[in-house]
Amino acid sequence: MPKQVDHRERRETIARALWRVVEERGIAQASVREVAQEAGISHGAVQHYFATREEMVVFAMDFASAQTSLRVAEGVSGLGDPPHPRDLLRVMLVEMLPLRPDARTTSRMSAAYVLEALHDTNIRTRARDGLAHGRDLVERIVRQAVTDGHLSPDRDPATETNLLLALTGLTPLVELGVIEPQEALTAIDQHLNQLFGKGT
């Protein structure tokens with residue numbers, strides 16, 4: 001009896017191969033042929049799952065986002081119930097930085113995706129919507145922290161959200177060795193301490 005193919009698993013295998021190409025050689029090298037070779041499957045097999053390179057890149061980014069969300073969920077599971085918003089935001093920020101191999105891989109995929117979005121209208125719309133969704137999530141946490149008294153009521157949630165997300169701009173500094181990972185963590189912790197203060 002022929003072996004049943006798990007189509008979702010095969011698509012994820014292709015996505016992971018694309019991640020490796022992006023991480024090691026850059027998004028410009030992420031052609032269907034290169035990804036097929038990296039995945040160890042035929043060019044035609046990749047095209048069976050993804051009709052175009054764009055479809056493949058979009059799925060790979062969606063999968064990368066899902067993996068980041070899983071890492072955040074795992075980190076949050078170790079916090080209190082409910083978690084303090086400072087701790088929740090710290091987990092989210094740390095998991096967006098390239099501080100561990102898995103996070104570095106998805107971070108580089110995210111950076112490559114933004115570059116693609118600058119020159120591809122369809123990807124641009126999806127990327128913008130994805131970033132807006134992530135930003136809205138952070139702002140909801142900040143607003144709830146104000147409501148619950150963890151943050152001063154004179155804090156503007158929109159501005160504080162933008163300042164928190166600006167910390168993800170530490171990524172290229174870490175990637176290019178301008179600062180050490182611990183320096184990025186120190187910056188995150190110092191900002192969160194200043195935002196929430198002690199004993200909140």
Side-chain angles (χ1 to χ4, degrees), residues 19 22-24 26-27 61-118 124 126-200:
W19 294 354
V22 167
E23 183 173 13
E24 296 166 9
I27 190 66
M61 186 61 237
D62 288 346
F63 185 41
S65 296
Q67 294 302 298
T68 300
S69 295
L70 286 174
R71 292 197 309 272
V72 169
E74 183 177 347
V76 170
S77 69
L79 303 176
D81 185 20
H84 191 289
R86 182 203 181 282
D87 298 332
L88 178 56
L89 289 167
R90 186 182 191 278
V91 169
M92 296 174 71
L93 290 170
V94 169
E95 288 302 339
M96 284 190 273
L97 294 178
L99 304 181
R100 296 196 316 272
D102 52 350
R104 183 174 62 244
T105 297
T106 53
S107 173
R108 290 183 180 180
M109 182 65 217
S110 295
Y113 193 65
V114 170
L115 290 177
E116 288 279 296
L118 294 176
R124 183 186 184 92
R126 289 182 61 96
R128 185 177 62 241
D129 290 347
L131 288 171
H133 174 76
R135 188 196 171 284
D136 288 346
L137 175 59
V138 173
E139 185 168 338
R140 286 200 300 273
I141 295 170
V142 173
R143 287 188 182 279
Q144 191 62 49
V146 173
T147 298
D148 293 343
H150 294 296
L151 291 178
S152 171
D154 62 356
R155 294 280 190 176
D156 176 53
T159 299
E160 297 303 340
T161 296
N162 293 337
L163 289 170
L164 285 164
L165 292 177
L167 290 166
T168 64
L170 295 168
T171 292
L173 298 179
V174 173
E175 285 277 36
L176 297 177
V178 177
I179 65 174
E180 294 297 321
Q182 185 56 51
E183 293 177 90
L185 291 174
T186 298
I188 289 173
D189 285 331
Q190 183 168 320
H191 181 77
L192 289 172
N193 287 341
Q194 290 172 343
L195 178 60
F196 285 92
K198 294 184 178 180
T200 59

Just by distance, do the side chain of [X] and the backbone of [Y] share a donor-acceptor pair under 3.5 Å?
X    : Y    : result
R90  : P85  : no
R108 : E23  : yes
N193 : D189 : yes
Q67  : A64  : no
S107 : R104 : no
T106 : D102 : yes

Looking only at non-hydrogen atoms, find the nearest pair between [X] and [Y] and report the distance.
X    : Y    : result
P153 : V146 : CA-CG1, 3.9 Å
A184 : V174 : CB-CG2, 3.9 Å
H150 : F196 : O-CD2, 3.7 Å
P181 : L99  : CB-CD2, 3.7 Å
D156 : T159 : OD2-OG1, 2.6 Å
V72  : E95  : CG2-CB, 3.8 Å

Determine whether [X] and [Y] make a side-chain contact, defined as any pair of heavy atoms from C-beta on separated by less than 4.5 Å.
X    : Y    : answer
L97  : I188 : yes
L195 : L163 : no
R100 : R71  : yes
V138 : R135 : no
L164 : M92  : no
L93  : H191 : no
Q144 : R140 : no

Pairwise distance [atom1]([X]) to [atom2]([Y]) - rounded to 0.5 angstrom:
X    : Y    : atom1 : atom2 : answer
D136 : D129 : CG    : CG    : 10.5 Å
Y113 : L118 : OH    : CG    : 12.0 Å
L89  : H84  : CG    : NE2   : 10.0 Å
M96  : T168 : CE    : OG1   : 6.0 Å
S110 : L131 : OG    : CG    : 8.5 Å

CD (E175) with more than 12 external heavy atoms under 6.0 Å: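 Check passes, neighbour count above 12.
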
Neighbour count >12 (heavy atoms, 6.0 Å) for atom CD, E74: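 12 or below, so no.
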
Step-by-step side-chain contact (heavy atoms from CB on, under 4.5 Å) determination, R126 to D62: CA-CA 10 Å; R126 289 182 61 96; D62 288 346; 2.6 Å; yes

